[in-house]
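Structure first, then comments.
Here is how names work: the chains are called A, B, and so on, in the same order as the sequence lines, proteins then strands, and each is numbered from 1.
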Amino acid sequence: MSNAVTALNGAEARDGIATITEVALQGMITLRGDLASKPVAKAVKAAAGVAVPKPGTAAVVGDSGVCWMSPDELLILCPYDTVAETVAQMNDTLAGVHALVADVSDARASFRVAGPAAREVMAKLAPVDLHPDAFAPGMFRRTRMAQVPAAFWMPDTDSFQIVCFRSQAQYMFDLLKVAAQKGSGVSVFQ
Amino acid sequence: MLILTCPCCGVTGEETEFHAGGEAHLKRFGPGSTDDDFESYLFMRENPKGVHFERWRHVYGCGKWFHAARCTMTLEVFGTYPAQTLAPPQELCDAISAKRPGWSWRAFS
Ligand SMILES: [Zn+2]
């Protein structure tokens with residue numbers, strides 16, 4: 001097997017108003033199907049240990065969980081080295097069901113924005129209300145960041161985890177670095 | 001700037017998260033139809049000052065298509081509704097009537 005690496009080899013930027021880090025390899029599985037159906041619920045429970053999340057939410061702990069992507073799509077997160085196994089198990093559970101399970105781990109890049117100014121950095125880039133009353137841990141949002149599609153959630157009250165296309169990883173990292181550059185804070189949420 | 005609420009995923013976002021998909025409720029005329037019908041299906045569009053119905057896609061979100069009713073003059077969005085319908089829902093038409101009495105758009109009013 002080839003030696004899998006992340007898009008930017010774990011790039012980091014620590015000298016700004018928030019810390020930007022590329023997240024280590026993350027298992028990601030796209031599941032499309034009828035989210036209200038029993039086989040899908042069963043496959044999700046077996047793969048991630050949680051129930052199908054409600055629209056606009058994610059149930060993620062560490063590198064495992066489920067994110068609600070659209071009315072017929074979920075993103076399953078699992079440890080990178082268990083992806084193949086999880087996909088096979090899900091396909092077994094969903095045999096004969098009109099559903100799709102696809103390993104998209106290597107098609108994506110993940111970043112973490114952390115620190116008290118993380119909200120501010122994100123708010124500069126995404127047209128989303130990121131006031132603490134409007135966006136909090138447990139929620140999940142697909143949107144754009146500057147000119148590229150992205151999705152994010154909050155692992156805790158001071159950090160965001162972003163998923164984007166792997167081919168746009170450098171763009172995303174540069175974008176975050178600029179938005180977090182030293183002295184660029186405006187304390188809008190404090 | 002339009003603020004649209006996607007009826008598929010519930011997200012309320014500004015228009016750069018969406019993509020306009022042209023006029024709503026077109027009836028398709030394909031092979032075998034008359035030249036006049038085909039021409040009007042391809043080219044003839046409303047161009048209203050006021051109430052208008054359009055298709056939009058939540059392109060930076062859930063990816064789904066939906067319908068929106070809005071005012072081309074004020075950019076007020078009257079409402080959004082699912083793509084799987086041939087006409088705007090009655091309650092939306094009523095809501096528009098309350099704001100724009102006497103409006104009409106193609107066969108709807
Ligand atoms: Zn949507």
### Message
Tell me whether A:Val113 shares a hydrophobic cluster with A:Leu8, the cluster being built from Ile, Leu, Val, Met, Phe, Trp, Tyr side chains joined at under 4.5 Å.
### Response
yes

### Query
Do you know which two heavy atoms are closest between A:Thr143 and B:Glu17, and how far apart they sit?
OG1-OE1, 2.6 Å

### Query
So does B:Phe108 have more than 12 non-hydrogen atoms from other groups sitting under 6.0 Å from CZ?
yes

### Task
For residues B:Cys8 and A:Trp68, report the shortest heavy-atom separation together with the two atoms involved.
O-CH2, 4.3 Å

### Message
Would A:Asp72 and B:Lys64 count as a side chain to side chain contact (heavy atoms under 4.5 Å, CB included) here? Give the steps.
### Response
CA-CA 10 Å; A:Asp72 55 8; B:Lys64 305 296 181 196; 2.8 Å; yes

### Task
Report whether A:Ile29 and A:Val163 are members of the same hydrophobic cluster (ILVMFWY, side-chain heavy atoms less than 4.5 Å apart, transitive linking).
no

### Task
Output the distance between atom SG (B:Cys62) and atom CZ (A:Arg142), rounded to the nearest 0.5 Å.
7.5 Å

### Message
For the OH atom of B:Tyr60 and the CD atom of A:Gln147, what is their distance to the nearest 0.5 Å?
### Response
7.5 Å

### Query
Above 12 or not: heavy atoms from other molecules or residues under 6.0 Å from CG of B:Asn47?
no

#### Entry: Nearest-0.5 Å distance that lies between atom CD in B:Glu14 and atom CG in A:Asp129
12.0 Å

### Message
Tell me if the CE atom of B:Met44 is crowded by more than 12 foreign heavy atoms within 6.0 Å.
### Response
no

### Query
For A:Pro127, is it the side chain, the backbone, both, or neither that has a heavy atom closer than 4.5 Å to a heavy atom of chain B?
both

### Query
Hey, which of B:Gly61, B:Cys6, B:Cys9 has the most heavy atom pairs under 4.5 Å with chain A?
B:Gly61

### Query
Within a reach of under 6.0 Å around CG of B:Asp35, are more than 12 heavy atoms found that belong to other residues, nucleotides or ligands?
no

### Query
Can you tell which of A:Pro55, A:Ala150, A:Pro149 has the highest number of heavy-atom pairs within less than 4.5 Å of chain B?
A:Pro149

### Heavy atoms of other groups near A:His131 NE2, more than 12 under 6.0 Å
yes

